[in-house]
S.K.: 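Please read through the structure below; I'll follow up with questions.
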There are 2 protein chains.
Amino acid sequence: MTNKDALKHYDVNQYRTPDGYTSDIAVFTITSEKTGVYKPPEMTLKLMLIKRSVKDAEDNPNIEAEKWALPGGFVETSETAFEAARRELEEETSVKDVHLKHFGVYDRPGRDPRGWIISNAHYAIVPEHDLTARKANDDAAEVKLFSLDELKTIALAFDHDTIIIDAIKMITSDLLQTTVAKAFLPKAFTYSELQAVLLTVTNDPAIASHQSFARKIKTLPFIQEVKGQTTSRTSKKPTQLYQFNDMEVVKPIYTARY
Amino acid sequence: MTNKDALKHYDVNQYRTPDGYTSDIAVFTITSEKTGVYKPPEMTLKLMLIKRSVKDAEDNPNIEAEKWALPGGFVETSETAFEAARRELEEETSVKDVHLKHFGVYDRPGRDPRGWIISNAHYAIVPEHDLTARKANDDAAEVKLFSLDELKTIALAFDHDTIIIDAIKMITSDLLQTTVAKAFLPKAFTYSELQAVLLTVTNDPAIASHQSFARKIKTLPFIQEVKGQTTSRTSKKPTQLYQFNDMEVVKPIYTARY
DNA sequence: ATTAACAAACAACAATTTGTTAATTGAAAG
DNA sequence: CTTTCAATTAACAAATTGTTGTTTGTTAAT
């Protein structure tokens, strides 16, 4: 094999190599504040952050201590950053099968005082009740959910402020332009539950109007009725359940209404 | 400063570090085949690839020789992968100010036989005439533009087949869902030129129909008429020129028509 | 000078979708 | 029995789209 010969001559150290490769995760959840029985919930999009502890696991002073940060950690040689994110998320929250998506790389020289460390950033969507089982580990003194407004007011470690801005931008456009909203919802949901999810990131009147949205959901090719299935979660009158099918759509901005 | 104390205890070598960090670029262009004078052009989306030479710059056997590959190279400590992409693209094609966007990271263990090498992938949009000035460098025996159909038939280096599939997916959805189309067009363009760009990645009837698209372009909030400016590039009758303004829009799939 | 050719622009009308307001339904709660 | 309320249905005007056909401005051939 000709690659073998070439490898003999290849010196892996002719370039300076990074000092580390980390995987960070912006964990989003939507908290549902029930406004009463037989009412649709009020939903708020929140981001989970951990407070970096004063001492690390070996009892040494911790870097960027007492600031809020995205959960994450070093990627191992045997895994991808995506797999590392899944592993770390399970260590942190004991949740498997979360929706996870890469959204950016952060590699600005000097972004981490420990050296040339590249961060591969992902966002995750975790249902609220799965986060209640979360627990702080050695490196994380505290875990807390922040609304997008609260985020503006706190001190963040490293360049996590930049990463978080990008994460919010990405989850916002994905919620509106893809079917990820399904990761926030039960398999079968009502039109008003879907609507509440979307309203956490938009105030588009065509989505905010009950009549328009209830009429529209019936015609969306990527959503279908669950025939004969209803629930009374959101109203006294039993209401139709819907589910996403596996269709993915891309709609041009050039054919939309303005 | 408390970070200083923490750094004394931080051992940069406690984790295995990557053997390299590269920046790869999927360079897209649209070739305009003029179908005649005073006619709108036929456009085709193409990807520029380089053929890896048998020997490298030091006259040693080259890795993945004679396969087609994305241009790219190692990121230096003093720069981001994005800056490296810009630098390499200028070295390769002598073009500055190209539209450039990150779209993925490739870090599967074993993807590169030289070691643990992480690729940060970008796509670039370069006007066709800027690519004519391109020249092969030491590492690149040959440079060629491939249509999306031709790409399926050739041997690609490393995991560049996967990277290219993702690049095409990304530029397709960006062309339709953002205003990047402007990077393929002159500052002022006709409705049929914009239409031709979009038709390289979609066959949506609302875009393909001349009447519908010509009527629609007047109502798009992110495009405006260049008052009183016309051209005869595409027809004998002088036709109105348009330009993108700086508005960015996000249109939900939930309010589109199906 | 007249005419053919042709993309762009415009017109017109039916079909469809949306915005809006109002009425109805079904079950819970008092 | 009545009230309450989210969901659903109805109805109609307003706006947008699909479609077909006509006009316009210019080039090029006769």
Side-chain angles (χ1 to χ4, degrees), chain A residues 32-43 188-197 199 202-221 223 225-242 251-258, chain B residues 32-43 188-197 199 202-221 223 225-242 251-258:
Chain A
S32 291
E33 288 136 57
K34 280 214 77 73
T35 54
V37 282
Y38 307 117
K39 276 184 187 299
E42 272 275 301
M43 297 189 179
F189 50 87
T190 71
Y191 88 93
S192 61
E193 288 170 336
L194 171 58
Q195 184 185 33
V197 169
L199 289 177
T202 187
N203 48 20
D204 188 319
I207 290 177
S209 153
H210 287 276
Q211 289 86 341
S212 291
F213 194 72
R215 180 168 51 187
K216 188 76 188 180
I217 197 174
K218 297 202 186 82
T219 72
L220 298 176
I223 289 181
E225 281 192 4
V226 188
K227 289 273 182 219
Q229 292 257 43
T230 58
T231 182
S232 294
R233 287 198 294 267
T234 62
S235 84
K236 294 163 189 168
K237 178 178 180 182
T239 177
Q240 179 62 50
L241 287 170
Y242 295 89
K251 272 289 162 183
I253 57 177
Y254 298 96
T255 60
R257 302 166 70 109
Y258 292 94
Chain B
S32 290
E33 288 136 57
K34 279 214 78 72
T35 53
V37 282
Y38 307 116
K39 275 185 188 301
E42 272 274 303
M43 296 188 179
F189 51 87
T190 71
Y191 88 91
S192 61
E193 288 170 337
L194 171 59
Q195 184 185 34
V197 168
L199 289 177
T202 186
N203 49 19
D204 188 318
I207 290 176
S209 152
H210 289 277
Q211 290 86 339
S212 290
F213 193 72
R215 181 169 49 187
K216 188 76 188 179
I217 196 174
K218 297 201 185 83
T219 72
L220 298 176
I223 288 180
E225 280 193 3
V226 189
K227 288 275 179 213
Q229 291 257 43
T230 58
T231 182
S232 293
R233 285 198 296 268
T234 62
S235 84
K236 294 164 188 168
K237 179 178 179 182
T239 177
Q240 180 61 50
L241 287 170
Y242 295 89
K251 272 290 162 182
I253 57 177
Y254 299 95
T255 60
R257 320 174 97 215
Y258 293 93

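The sequence lines fix the lettering, A, B, ..., with proteins before strands; numbering per chain opens at 1.
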S.K.: To the nearest Å, give me how far apart CZ (B:Phe213) and P (D:dG18) are.
M.R.: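 So the CZ-P distance, B:Phe213 to D:dG18, works out to 13 Å.
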S.K.: Using whole Å, what does the distance between atom P of nucleotide D:dA7 and atom CG of A:Leu194 come to?
M.R.: 12 Å
S.K.: Classify the nucleic acid contact of B:Ser212 as base, sugar-phosphate or nothing, counting any heavy atom under 4.0 Å across all strands shown.
M.R.: base
S.K.: Base, sugar-phosphate or nothing for A:Ser232? Non-hydrogen atoms, less than 4.0 Å.
M.R.: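 The residue A:Ser232 makes no contact with any strand.
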S.K.: Starting from P on D:dT16, measure out to CD1 on B:Ile207 and report it in whole angstrom.
M.R.: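 Nearest whole value for this atom pair: 18 Å.
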S.K.: Suppose we define a pair by two distances each less than 3.5 Å, Watson-Crick or G-U wobble; what does C:dC13 pair with here?
M.R.: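 D:dG18 - that is the nucleotide pairing with C:dC13, both distances being under 3.5 Å.
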S.K.: What is the separation between atom CZ on A:Arg257 and atom P on D:dA14, rounded to the nearest whole Å?
M.R.: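 From A:Arg257 CZ to D:dA14 P: 15 Å.
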S.K.: Find out whether B:Leu199 and B:Met43 are in side-chain contact, i.e. whether some heavy atom of one side chain is under 4.5 Å from a heavy atom of the other.
M.R.: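 No, too far: nothing below the 4.5 Å cut-off.
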S.K.: Figure out the NZ/P separation between A:Lys237 and C:dT25, and round it to whole Å.
M.R.: 9 Å
S.K.: Grab the NE2-P distance between B:His210 and C:dA11 for me, whole Å please.
M.R.: 20 Å
S.K.: Describe the nucleic acid contact of B:Ser209 in one word from base, sugar-phosphate, nothing, applying a heavy-atom distance below 4.0 Å.
M.R.: nothing
S.K.: Does the side chain of B:Thr219 get closer than 4.0 angstrom to OP1 or OP2 of D:dT16 through an N or O atom?
M.R.: no
S.K.: State, with a plain yes or no, whether a side-chain heavy atom of A:Leu241 is found less than 4.5 Å away from one of A:Thr190.
M.R.: yes
S.K.: Counting Watson-Crick and G-U wobble pairs only, both distances under 3.5 Å, name the nucleotide matched with D:dA29, or none.
M.R.: C:dT2
S.K.: Indicate the ring-plane relationship of A:His210 and A:Tyr191, choosing parallel, tilted or perpendicular according to the 30° and 60° boundaries.
M.R.: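 Judged by the thresholds at 30° and 60°, the geometry between A:His210 and A:Tyr191 is perpendicular.
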S.K.: Using the closest heavy atom to pick a nucleotide of DNA chain C for each, name whichever of A:Ala206 or B:Ser192 lands nearer the 5' end.
M.R.: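 Result: B:Ser192.
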S.K.: Indicate, with a heavy-atom threshold strictly under 4.0 Å, whether A:Pro238 touches base, sugar-phosphate, or nothing.
M.R.: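 Sugar-phosphate only.
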S.K.: Which atoms form the tightest heavy-atom contact between B:Tyr254 and A:Ile207, and what is the distance?
M.R.: CB-CD1, 4.4 Å
S.K.: Do A:Glu225 and A:Gln240 come within less than 4.5 Å of each other through their side chains, counting heavy atoms only?
M.R.: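 SC-SC contact between A:Glu225 and A:Gln240 confirmed.
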S.K.: What's the CZ-C1' distance between B:Arg215 and D:dT20, to the nearest Å?
M.R.: 12 Å
S.K.: Just to be sure I understand the rule, does B:Gln211 reach a base, reach only the sugar-phosphate, or reach nothing, if contact means heavy atoms closer than 4.0 Å?
M.R.: base
S.K.: Are B:Lys216 and D:dT16 close enough that a side-chain N or O sits under 4.0 Å from OP1 or OP2?
M.R.: no
S.K.: So, is A:Tyr38 near the phosphate of C:dA27, with a side-chain N or O under 4.0 Å from OP1 or OP2?
M.R.: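 Negative; the distance criterion is not met.
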S.K.: Measure the distance from NZ on B:Lys236 to C1' on D:dA29 and round it to the nearest whole Å.
M.R.: 10 Å
